[in-house]
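We number each residue from 1, following the sequence as shown.
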Amino acid sequence: MKRATDADQANNGGDSLARSGATGERRPGLRAAGLAASQVAAPIVSKRGGGVLARMKAEWAAVAGAEVAAASWPEALGRGGVLRALVAPVQALELQHRAPLLIERINLYFGRPVVVRIVLLQGPLPLATAVAKPAIPPPAAADSAALQRQLAVIEDTELRAALNRLGRAVIGAERRNR
């Protein structure tokens, strides 16, 4: 009879934890480690913006939009709803004017008021987002031949290759603008 009781307690470890947590009594058996870990981690996580900041960083392009996400990065979220965001210096002024719109977009994404104010910090972004460059159309055969003739006098192979790439880009841009 004693063995059946131990087996029942081991099988109902999660249930006994739920019951024992409410009444405060201790029961032997298996307990969920996640509950204890979340109770220890909750104050630490809430000091740094909670799971909202982690989710915001993970989904920044969807939260802020592709254009804003390419020029900014959420750094910290304070208790009063103050979002500190790193911004590329070139885009800082524009993002300052768009801040109310960004706040509205963030709060709409999370379904509750998460950000009240945005503090912009100019500097390099931690994740350099790769900007897709437009494809350069290949130059016409006559243009390519003329470029090769002009580059033939250059002896340094690295310099010749760099100038070849530059020349192809210039010719491609001219063809695109026609």
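Linking ILVMFWY residues whenever their side-chain heavy atoms come closer than 4.5 Å, directly or via other members, places L77 and V82 in the same cluster. Connection of V153 to L159 is established within a shared hydrophobic cluster, with ILVMFWY side chains joined at heavy-atom distances below 4.5 Å, either directly or through further cluster members. A single hydrophobic cluster is not seen to contain both V119 and V116; linkage of ILVMFWY side chains at heavy-atom distances under 4.5 Å, directly or through other members, places them apart.
Closest heavy-atom contact between A85 and I118: CB-CG2, 4.4 Å. Between P74 and L53, the shortest heavy-atom contact is CB-CD1, 4.4 Å. Pairing each heavy atom of L86 with each of P126, the nearest pair is CD1-CD, 3.7 Å. Residues S72 and L95 share a closest heavy-atom pair of CB-CD2, 3.7 Å. Across all non-hydrogen atoms, the minimal contact from G123 to P89 is O-CD, 3.9 Å. Of all the heavy atoms in A64 and A69, the pair that sits closest is CB-N, 4.4 Å.
Of the possible polar contacts, none joining the W73 side chain to the W60 backbone as a donor-acceptor pair under 3.5 Å is found.
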When the side chains of residues 103-111 are checked against the rest of the protein, which donor-acceptor pairs come out under 3.5 Å, sequence neighbours left out?
from	atom 1	to	atom 2	distance (Å)
R105	NE	V63	O	2.9
N107	OD1	V114	N	2.8
N107	OD1	V115	N	2.9
N107	ND2	I103	O	3.4
N107	ND2	V115	O	3.0
Y109	OH	E59	OE1	2.4

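Within the model, atoms CD of Q96 and CD of E94 stand 11.5 Å from one another, a figure rounded to the nearest 0.5 Å. The CG atom of L120 sits 10.0 Å away from the CG atom of L93 when rounded to the nearest 0.5 Å.
Paired with V68 under the rule side-chain contact (heavy atoms from CB on, under 4.5 Å), one option of V87, L102, L101 passes, and it is L102.
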**Report entry** From CA spacing to verdict: side chain to side chain contact (heavy atoms under 4.5 Å, CB included), D156, R160
**Finding:** CA-CA 6 Å; D156 187 5; R160 188 177 333 120; over 6 Å; no
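Heavy atoms from other residues, nucleotides or ligands lying under 6.0 Å from CZ of R117 number 12 at most.
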